[in-house]
Amino acid sequence: MPTRRRRYRDLAELDAHLIDCRACPRLVAWREQVAREKRRAFADEEYWGRPVPGIGPSDAKLLIVGLAPAAHGGNRTGRMFTGDQSGDFLFAAMYSVGLVNQPHSVSRDDGLELFDTRITAPVHCAPPQNKPTVEERDRCARWLHAELGLLAPTVRAVLTLGQFGWQSTLRTFAELGWTVPRPAPRFGHGVSTTLVRDTTTLEVFGCYHVSQHNTYTGRLTVEMLVDVLRSAARSAGIDVEGE
Ligand code: SF4
């Protein structure tokens with residue numbers, strides 16, 4: 001586990017440091033190789049090729065935690081879930097619940113606005129095959145730790161996309177002094193668990209990841225995602241559309 005737990009004034013300061021991180025040699029090499037070689041469809045674009053920070057307001061009530069940026073999505077555009085089909089799926093669902101101002105997310109300057117919601121990931125650099133190692137996950141944990149610490153005063157619900165996000169979220173909140181039920185609750189689609197710190201509670205929801213593997217096979221449908229999103233938003237105290 002990383003030992004350095006630097007404190008940041010706010011999310012802007014955290015993000016400014018994050019985008020310069022080069023702590024994982026394998027991921028730095030991969031994100032930069034992808035950015036140099038590019039995919040043919042994006043040959044004219046300049047890839048971001050750096051750590052991808054979270055998006056959304058600093059006083060978010062709902063947090064969505066994924067896995068890591070996609071090589072030709074977030075690693076290209078510089079914004080989480082932006083410019084790929086996983087993002088299309090996620091933002092269309094968020095739009096139908098009223099958590100964003102538009103159903104698509106194509107570039108950093110496309111006008112997307114998130115309402116009361118922030119999106120982040122336990123690993124901020126695109127990994128080969130979307131699979132970070134345990135060491136890379138642990139090295140990147142300091143960023144999630146700092147981000148959740150800054151968001152803790154307002155966040156009241158977390159939607160985790162996949163088991164990786166679920167486990168990282170529970171581990172990080174436990175480090176921040178929240179009581180996580182024992183034995184640790186197991187990930188599943190639609191499951192939820194309550195964390196407690198002093199007199200404050202926080203609900204963590206599980207949802208299958210919006211990966212193409214899950215959405216193409218029908219393991220995760222738009223309706224399933226909307227259902228969990230709506231539950232999480234309601235739990236966070238957000239007025240939800242479409243009820
Ligand atoms: Fe830094 Fe995280 Fe990227 Fe590793 S994965 S280089 S710790 S930002």
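Both counts, for ligands and for their atoms, begin at 1 and track the order of listing.
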Check each atom of ligand 1 against the heavy atoms of [X] and keep those under 4.0 Å away; list them by number with element.
| X | value |
| --- | --- |
| Leu27 | 5 (S) |
| Pro51 | 8 (S) |
| Leu18 | 8 (S) |

Give the residue and atom name of whichever protein heavy atom lies nearest to atom 1 (Fe) of ligand 1, and the separation in Å to one decimal. Cys21 SG, 2.3 Å
When you measure from atom 3 (Fe) of ligand 1 to every protein heavy atom, which one gives the shortest distance, and what is it? Cys125 SG, 2.4 Å
Parallel, tilted or perpendicular: rings of His72 and Tyr47 (30°, 60°): perpendicular
Could you state the interatomic distance from CZ (Arg6) to CG (Leu14), rounded to the nearest 0.5 Å? 9.0 Å
Measure centre to centre between the rings of His104 and Tyr95, then say whether the value is under 6.0 Å. no
Does the side chain of Thr200 pick up a donor-acceptor pair with the side chain of Asp198 at under 3.5 Å? no
Strictly under 2.8 Å, is any N, O or S atom of Cys140 next to atom 2 (Fe) of ligand 1? yes
Between Leu225 and Leu90, is any pair of side-chain heavy atoms under 4.5 Å apart? yes
Region of Cys24 that comes within reach of ligand 1 [heavy atoms, distance under 4.0 Å]: both
Positive for salt bridge (charged side-chain N to carboxylate O under 4.0 Å, His left out) with Glu45, one of Arg40, Arg108, Arg76: Arg76
